[in-house]
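In what follows, chains are A, B, ... by sequence order, proteins preceding strands, each numbered from 1.
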Amino acid sequence: MSQSAAWRTHACGELRAEHIGQEVTLAGWVANRRDHGVVSFVDLRDRWGLLQLVADEDAPQTGHEGLQGLHPEDVIQVQGVVRARAEGQSNADRATGEVELLVSAVTVISRAARLPFEIAEHIDVPEDMLLRFRYLDMRRKPLKTALERRTQANHLIRQALVDEEFVEVETPMLTRSTPEGARDYLVPSRVRQGSWYALPQSPQIFKQLCMVGGLDRYFQIARCMRDEDLRADRQPEFTQLDMEMSFVDEEDVYALVERVMASLWKGLGRDELQLPLERMPHADAIRRFASDKPDLRNPIEIVDLAAQGGTLGFVVFDKVLEGGGYVRGIRVPGGASLSRKQIDSIEQAAKDAGAGGAAWCKVATDGPSGPLSRFLKAAEGDAPVDCPVGIAGLSVAGAAFLRELEALPGDLVVTIADQPRRALVALNAIRRRAGDLMDLTGGPDRLVWITEFPLFEQDDDGGFHPAHHPFTAPVSEDLALLEDESAKDRVRSRAYDLVLNGTELGSGSVRIHQRDIQQKLFAAIGLSPEVAEERFRFLLEAFRYGAPPHAGFAIGLDRLYGLLFEVASIRDVIAFPKTATATCPLTGAPSMVDAAQLEELGIVQSVPSETTT
RNA sequence: GGGGAUGUGGCGCAAUUGGUUAGCGUACCAGACUGUCGAUCUGGAAGUUGCGGGUUCGAGUCCCGUCAUCCUCGCCA
């Protein structure tokens with residue numbers, strides 16, 4: 001690190017044996033004091049590390065006096081000579097541990113008041129405290145390191161895209177509200193009272209306009225804002241790596257994103273990604289894993305038991321099947337070793353997901369056991385059937401049932417019977433819970449493209465809305481289905497998600513660039529040409545003047561970095577995050593504003609404003 | 001909007017069925033100490049038990065309400 005000599009000649013953390021004998025000036029924070037009377041020590045900290053300062057019998061009087069009266073987190077400047085630590089006194093836990101600074105002079109630059117919490121990693125501090133005093137948390141290693149790594153990761157991404165001739169465009173923060181999607185954050189206009197800006201939920205339309213503008217390749221590390229309730233992996237404002245390309249199709253987008261991911265993985269020192277990444281059509285993901293973002297590290301797959309489940313004489317299965325529901329289940333390899341309590345927690349996961357319960361049985365060589373087992377065993381008087389894999393005492397139907405599941409002795413079988421939507425949610429829940437219990441999710445990263453998402457999702461009231469956004473192109477073979485009301489839910493889109501270990505990292509699509517198809521799509525989601533024109537005039541108009549085919553992708557960087565840096569919450573990779581109620585404990589945002597400010601904006605509040613002070 | 005958990009000196013925690021002056025650790029302050037590195041030793045200061053109400057002779061403890069934080073469902077094209 002180069003230093004301007006005004007405040008310091010070196011960083012605390014950079015001093016090593018090679019600096020022994022040098023006269024240096026350092027500046028930093030007092031991290032710790034250890035005073036032995038005649039000998040005293042102070043640890044001085046800056047971003048690069050800790051260095052032990054010492055005043056002993058070799059130090060001048062000014063050095064001793066300088067180290068007296070210092071308090072934790074005082075900012076000081078110190079002069080002295082770097083020297084080797086005596087035999088047996090080096091500290092192997094510290095990069096600077098072979099040397100120390102014999103202090104000749106200390107200047108206190110800034111005194112620190114008593115701290116709300118200690119600046120030490122081993123101290124547990126409530127998170128709202130960390131947010132309120134974020135600048136103190138930054139002095140601790142985990143947050144500092146996360147911000148450094150985030151910088152490095154952003155740099156790797158930028159490097160990769162600039163090398164591929166992408167243009168970085170900063171799109172507006174004050175933009176137009178489009179009613180689809182998430183709730184907007186609104187900003188009132190002063191010069192045109194009664195009108196409002198919206199903060200962008202994503203730069204979607206602008207990046208498409210950049211394609212019409214002929215930039216060909218756009219990217220941005222973009223802030224996006226959505227006024228929705230939060231989660232551990234969701235913030236009201238978040239950062240996306242947003243990209244768009246012209247004259248490309250899905251394959252080009254996959255290849256580009258894969259190159260960017262690979263350089264990121266490599267640059268951050270993770271195991272090299274195997275390219276190309278796996279792909280899985282959406283319908284397969286639902287069928288095999290009951291999820292559009294399956295964690296493929298978990299090997300458990302869903303098995304359809306409609307045929308065999310209906311022959312067991314189990315009235316719950318029969319009723320669900322008659323009603324058009326699903327009977328599906330999972331085989332948990334080795335799951336017979338789970339305790340009753342653990343199995344109950346799997347069933348509880350199904351119940352939490354809305355299912356009535358989960359029927360299960362353990363499988364052993366002497367036959368099945370557990371609630372489901374009596375429907376699998378041979379009845380009194382019937383000749384029991386032996387499964388080829390050596391499970392005794394089964395009925396013919398029971399053997400077929402377990403064969404369908406490929407169950408082996410030592411396995412646990414868990415089944416769900418419910419209406420399709422609830423069954424899938426429950427199957428996903430039990431698969432994940434079983435995976436956690438059996439510790440199946442520790443393997444290498446599994447990145448997968450989920451492709452051919454449905455174009456529409458059904459609302460609770462039966463209407464359709466775009467599953468992705470209204471500019472997503474349908475798969476061309478399915479174009480004809482657009483106008484068929486009964487077939488809408490079968491229209492596939494050219495949208496894709498990238499999923500890492502069960503977390504959706506990002507999504508994108510090939511866009512519609514033809515006006516007629518765009519209009520069909522608006523019609524299909526119930527937007528009249530007039531309304532569509534009013535809302536998206538600027539985009540539809542742009543498409544009249546020569547629109548290239550284009551496609552793009554966006555990756556949620558907070559979430560990606562949260563996973564890559566292995567932190568508990570995305571708040572741990574964000575410098576100044578907000579709480580679960582979208583407040584900022586540091587600044588107190590959101591706050592009431594002066595009545596005069598509102599008046600200037602032409603806004604009348606139904607709740608009282610702050611009294612003018 | 002719904003559900004759950006938590007809330008006690010700055011911080012982490014304790015306090016028996018509701019019962020003495022709300023304890024302990026750490027940080028902080030002062031003093032001591034020749035090699036520590038999460039120093040040690042001695043002493044000191046530090047509390048409206050989140051807030052409001054109720055029950056009771058008596059509430060950190062029980063009840064009602066409320067606020068804050070976290071998790072979660074809905075929501076997040």
For A/Arg183, which contact category applies under a 4.0 Å heavy-atom criterion: base, sugar-phosphate, or nothing?
nothing

With sequence neighbours left out, write down each residue that passes salt bridge (charged side-chain N to carboxylate O under 4.0 Å, His left out) with A/Arg139, or none if nothing qualifies.
A/Glu73

Which part of the nucleic acid, if any, lies within reach of A/Ala467 when heavy atoms closer than 4.0 Å are counted: base, sugar-phosphate only, or nothing?
sugar-phosphate

For A/Tyr218, what residues pass the side chain to side chain donor-acceptor pair (under 3.5 Å) criterion, not counting sequence neighbours?
A/Gln220, A/Asp242

Mind checking the C1' distance from B/rC28 to B/rA45? Whole angstroms is fine.
9 Å

Write down the distance separating the P atoms in B/rA5 and B/rC76, rounded off to the nearest Å.
28 Å

Please classify the nucleic acid contact of A/Gln204 as base, sugar-phosphate, or nothing, using heavy-atom distances under 4.0 Å.
base

Integer angstrom distance from the P of B/rA15 to that of B/rC75:
42 Å

May I have all residue pairs that pass salt bridge (Lys or Arg N to Asp or Glu O under 4.0 Å) and include part of residues 488-513 of chain A, sequence neighbours excluded?
A/Glu244-A/Arg511, A/Glu250-A/Arg494, A/Glu452-A/Arg492, A/Glu477-A/Arg492, A/Asp478-A/Arg492, A/Glu485-A/Lys488

Any base atoms under 4.0 Å from A/Asp124, or only sugar-phosphate, or nothing? Heavy atoms, all strands.
sugar-phosphate

By the salt bridge (Lys or Arg N to Asp or Glu O under 4.0 Å) test, which pairs, at least two apart or in different chains, include something from residues 424-436 of chain A?
none

In terms of the nearest nucleotide of RNA chain B, which residue is placed more toward the 5' end: A/Arg234 or A/Glu100?
A/Glu100

So A/Arg83, base contact, sugar-phosphate only, or nothing? Heavy-atom distance under 4.0 Å.
base

According to the salt bridge (Lys or Arg N to Asp or Glu O under 4.0 Å) rule, which pairs have a member within residues 92-104 of chain A, sequence neighbours left out?
A/Asp43-A/Arg94, A/Arg83-A/Glu100

Whether each nucleotide of nucleotides 66-72 of chain B has a protein heavy atom under 4.0 Å at its base (B), only at its sugar-phosphate (S) or at neither (-) is summarised, 5' to 3', as ---SSSS

Could you list the residues that satisfy salt bridge (charged side-chain N to carboxylate O under 4.0 Å, His left out) with A/Asp35, not counting sequence neighbours?
A/Arg33

Donor-acceptor pair, A/Asp46 side chain versus A/Gly49 backbone, under 3.5 Å?
yes

Could you write nucleotides 28-34 of chain B as a row of B, S and -, 5' to 3', where a protein heavy atom under 4.0 Å of any base atom gives B, of only sugar-phosphate atoms gives S, and otherwise -?
SS---BB

Quick one: what's the B/S/- string for nucleotides 2-7 of chain B, heavy-atom cutoff under 4.0 Å, read 5' to 3'?
------

Here the salt bridge (Lys or Arg N to Asp or Glu O under 4.0 Å) pairs for residues 565-576 of chain A, sequence neighbours left out, are A/Glu127-A/Arg571

Quick check on RNA chain B: between A/Met129 and A/Arg33, whose nearest nucleotide comes earlier from the 5' end?
A/Met129

What residues form a side chain to side chain donor-acceptor pair (under 3.5 Å) with A/Glu533, not counting sequence neighbours?
none

B/rG60 to B/rA30 separation - P atoms, rounded to the nearest Å:
35 Å

Taking atom P in both B/rG38 and B/rG1, what distance in whole Å separates the two?
48 Å

Using the C1' atom as the point on both nucleotides, what is the distance between B/rG58 and B/rU20, in whole Å?
12 Å

Any N/O pairs under 3.5 Å between the protein and nucleotides 23-26 of chain B? List them or say none.
unit_1 : atom_1 : unit_2   : atom_2 : d
B/rU26 : O2'    : A/Glu118 : OE2    : 3.2

B/rG31 to B/rU16 separation - C1' atoms, rounded to the nearest Å
40 Å

So A/Glu504, base contact, sugar-phosphate only, or nothing? Heavy-atom distance under 4.0 Å.
nothing

In whole Å, measure the gap between the C1' atoms of B/rG9 and B/rU48 for me.
12 Å

